[in-house]
Structures are given as C-alpha cells and as structure tokens.
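Working notes for the structure below.
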Amino acid sequence: MTTGRSHVAGRKACATRFTLCMAALLSTSVLSGCGGSNELSYDKLAVPYAAAQIGRSTSLEVLNVARDGAYQFDPDQVDQVLLTQSDTVIGYSGRSSDTRKSWLNMIVFDEYRMTAGRKYFFCIDERAKRAPDNPKQQLFPARQGILFDAQFTVDPEVLTTPYTTEEAQQTAILQWLAGRFEQDVAALVGNLKDPAQGGEVIVLSGAMVSQVFQGVFVQLDKSPGLAKNLSDEKGVPFPHMSLGEGRIRMLTQSDMAAVKIRVNLPMADAE
C-alpha cells in the first residue's frame with residue numbers, strides 16, 4: 001500500500017512540474033487578455049482550462065469552476081454559457097452576444113483514477129484585435145483567428161510502439177490526440193450528427209478543430225521532417241483551408257504533452 005501511495009504521489013508531483021513547465025513555455029495555463037473591459041478576454045474564457053490540473057483535479061473540483069467568480073459573465077456580453085457533463089467529460093462552452101467569439105473548455109477524466117487526463121481550450125474569434133499571448137501586440141487589421149490549447153497524458157501504447165524516427169513518433173502523438181479529441185467531443189454530446197446534449201457550439205468547435213488537424217497532417221505528410229521542429233519557439237507552419245496559415249507547437253515530457261495551435265494569429269514571441 002505504501003508503494004502504491006508513493007507511486008501516485010510521484011505521478012502527481014511529476015504532473016505538477018509538467019504543468020508548470022508547460023505553462024511557462026506554451027503560455028497555456030493563463031492566456032493573455034485581448035482588449036478593454038468591454039471585451040471578453042481569452043484568459044476569462046479559458047478559466048476552466050486553466051483551473052484543471054492534469055493528474056490532480058477531480059470532476060467535483062472542475063464542476064466547482066461554474067461558481068468561480070472569475071468565470072461569471074455580464075448577461076449583455078454573452079448569448080449562452082453552458083456546462084455540459086457526461087460520465088468522463090466536462091465541457092464549458094459559450095458564445096458572445098455579438099457572435100464574434102465562441103469557445104469550448106473540455107476536461108476529460110481517467111475512468112479509473114477519476115482525475116483529469118486531458119484538457120482542451122478552443123476559441124474562434126471573428127475579430128481578434130490583439131495577439132492572444134501578448135496583449136501589447138495589437139493586430140491591424142482585426143482578423144478572424146483560432147486558438148487551440150491542449151495538455152494531456154499520452155496513451156502508453158503510443159509511446160511504446162517502435163517508430164523508425166523520432167519525427168514519426170511526434171506525428172503519431174498528434175494523430176492520437178486528434179482522434180481522442182473527436183471521441184471526447186462525441187462522449188460529451190452523444191452522436192455528433194444528432195447530439196443528445198450540449199449546445200451547437202460544442203459540435204461546431206469539434207468540427208473546426210478537426211479541420212485544423214487536417215491541415216496539420218497534410219503538411220506533415222508532405223514534409224515529415226518538419227515534425228522535428230514541433231518544439232521550436234515558433235512551432236511548425238501548416239495550411240488552413242479558409243484562414244491561411246496556422247502554426248502548431250508541441251512539447252513532450254515522459255508520458256505528458258502539451259500542444260498549442262494558433263491560426264491566423266501570432267504565436268508567443270520568443271523572450
């Protein structure tokens with residue numbers, strides 16, 4: 001029993017160190033604000049994502065975010081803010097009153113440990129005025145952009161499979177993540193073509209993230225060697241069918257990973 005507790009404690013400590021590391025390197029724990037007091041800042045929209053800690057947070061703790069003052073909205077600013085829950089997934093979604101911003105936080109729990117194993121934040125901004133990771137960087141002209149952040153534990157089968165190159169393993173991790181995200185959305189709402197619960201924002205967010213990953217895999221299929229640059233400060237560029245260029249960055253540590261995607265928006269500047 002002591003050994004079991006030590007193993008769990010060690011895993012939690014590792015998860016904490018990883019989360020802190022990823023927050024510093026990818027700016028995924030707290031996104032920067034995007035404008036004045038009358039605007040919905042990205043960090044406010046991502047409160048549930050930021051609050052969930054991989055390997056530590058329980059479903060009850062994540063559900064309590066609904067009562068967190070940091071995640072309360074002016075009714076004049078939002079059209080809908082929904083909390084959706086399935087057996088293993090909790091989703092926080094919403095849309096601004098002017099329909100320019102739609103967002104989804106999704107936290108997925110390990111069915112055995114019942115602590116967070118994956119978390120995602122997605123936002124589409126029809127009129128982004130500032131860089132999401134640098135509020136001092138204004139965007140001229142304002143533009144439509146997509147943000148997607150994820151932190152997750154990687155399936156052991158993916159990590160133990162033999163690959164011909166390190167780049168092939170990196171691509172396999174991304175393919176696994178894309179597949180898991182689609183399954184997690186389905187687990188949250190039911191049949192994607194006929195959702196049993198949740199709002200349309202969840203389904204549309206899922207479709208847009210899938211579209212983003214399609215562009216990523218088109219690029220990596222064309223130039224597999226680019227996967228070695230995924231950990232670079234600026235990430236790897238990829239095409240998006242309607243918004244031009246996107247960039248993706250991924251960092252891995254042991255069985256944990258973090259992904260950051262920006263489409264038609266700048267990545268964080270190097271320090």
Side-chain angles (χ1 to χ4, degrees), residues 19-20 22-53 57 61-84 90-107 116 119-151 199-202 204-205 208-209 212 235 243 246-249 258-271:
T19 299
L20 292 174
M22 294 302 101
L25 293 177
L26 290 184
S27 301
T28 52
S29 286
V30 181
L31 295 159
S32 301
C34 64
S37 59
N38 292 326
E39 296 186 62
L40 294 170
S41 63
Y42 300 128
D43 61 341
K44 185 177 184 68
L45 304 182
V47 162
Y49 175 88
Q53 301 298 310
S57 295
E61 290 170 334
V62 173
L63 286 171
N64 283 337
V65 173
R67 294 191 289 270
D68 190 333
Y71 196 67
Q72 304 305 309
F73 299 90
D74 184 334
D76 293 332
Q77 288 186 302
V78 296
D79 178 54
Q80 56 176 284
V81 179
L82 295 178
L83 168 61
T84 308
I90 294 174
Y92 285 88
S93 59
R95 176 177 289 154
S96 62
S97 297
D98 59 12
T99 70
R100 289 179 176 175
K101 287 182 182 174
S102 298
W103 70 92
L104 170 66
N105 297 267
M106 196 161 62
I107 296 87
K119 65 175 183 174
Y120 314 96
F121 173 69
F122 167 84
C123 178
I124 181 167
D125 191 339
E126 301 286 348
R127 193 172 173 79
K129 298 179 180 178
R130 295 178 183 270
D133 304 292
N134 182 1
K136 295 181 180 179
Q137 182 181 353
Q138 298 188 33
L139 304 178
F140 296 105
R143 68 199 58 180
Q144 184 180 28
I146 287 175
L147 303 82
F148 178 76
D149 291 318
Q151 289 185 13
E200 63 176 348
V201 169
I202 300 176
L204 290 175
S205 297
M208 283 186 275
V209 171
V212 167
L243 296 181
R247 284 187 172 268
I248 178 170
R249 188 180 187 207
V259 165
K260 173 178 178 177
I261 296 175
R262 300 291 181 264
V263 179
N264 204 28
L265 294 170
M267 294 286 267
D269 293 331
E271 295 293 335

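Starting from 1, each residue takes its place in the sequence as its number. Side chains are part of it too, since the values below use all heavy atoms of this structure and drop only hydrogens, waters and symmetry mates.
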Main-chain N/O of [Y] paired to [X] side chain as donor or acceptor, under 3.5 Å:
| X | Y | answer |
| --- | --- | --- |
| Lys44 | Ala70 | yes |
| Lys129 | Ala142 | no |
| Asp125 | Gly145 | no |

Looking at every non-hydrogen atom in both residues, tell me the closest pair between [X] and [Y] and how far apart they are.
| X | Y | value |
| --- | --- | --- |
| Leu147 | Tyr42 | CD1-CE2, 4.0 Å |
| Pro266 | Ala131 | CG-CB, 3.5 Å |
| Leu83 | Ala66 | CD2-CB, 4.2 Å |
| Phe140 | Gln138 | CZ-OE1, 3.2 Å |
| Pro132 | Arg262 | CG-NE, 3.6 Å |

| field | Identified ring-ring contact (aromatic ring centres under 6.0 Å, His included) counterpart of Trp103 within the set Phe122, Tyr71, Phe73 | value | Phe73

To the closest 0.5 Å, what do you measure between [atom1] ([X]) and [atom2] ([Y])?
| X | Y | atom1 | atom2 | value |
| --- | --- | --- | --- | --- |
| Ser102 | Glu126 | OG | CD | 7.5 Å |
| Gln137 | Arg130 | CD | CZ | 10.5 Å |
| Leu204 | Leu104 | CG | CG | 11.0 Å |
| Ser41 | Lys101 | OG | NZ | 7.0 Å |
| Thr84 | Asn105 | OG1 | CG | 11.5 Å |

Report the residues that fulfil side-chain contact (heavy atoms from CB on, under 4.5 Å) with [X], sequence neighbours left out, ordered by chain and then residue number.
| X | answer |
| --- | --- |
| Asp74 | Asp76, Gln77 |
| Gln80 | Leu82, Arg95, Val201 |
| Asp79 | none |

| Please walk me through it: do Lys119 and Val62 pass side-chain contact (heavy atoms from CB on, under 4.5 Å)? | CA-CA 11 Å; Lys119 65 175 183 174; Val62 173; over 6 Å; no

Test side chain to side chain donor-acceptor pair (under 3.5 Å) applied to [X] - qualifying residues, sequence neighbours left out:
| X | value |
| --- | --- |
| Tyr92 | none |
| Gln72 | none |
| Ser96 | Asp98 |

| request: Under the side-chain contact (heavy atoms from CB on, under 4.5 Å) rule, what do Ile261 and Ile146 come out as? Steps first, then yes or no, please. | output: CA-CA 8 Å; Ile261 296 175; Ile146 287 175; 5.7 Å; no

| remark: Across all chains, not counting sequence neighbours, the ring-ring contact (aromatic ring centres under 6.0 Å, His included) partners of Phe148 are Phe181, Phe213

| field | CA sep, side-chain torsions, deciding dist, call: Arg249, Asp149, salt bridge (charged side-chain N to carboxylate O under 4.0 Å, His left out) | value | CA-CA 10 Å; Arg249 188 180 187 207; Asp149 291 318; over 6 Å; no

| message | For Leu243 and Gln144: C-alpha separation, side-chain torsions, deciding distance, then whether side-chain contact (heavy atoms from CB on, under 4.5 Å) applies. | response | CA-CA 7 Å; Leu243 296 181; Gln144 184 180 28; 3.0 Å; yes

| side-chain contact (heavy atoms from CB on, under 4.5 Å) evaluation trace for Leu139 with Leu265 | CA-CA 9 Å; Leu139 304 178; Leu265 294 170; 3.7 Å; yes

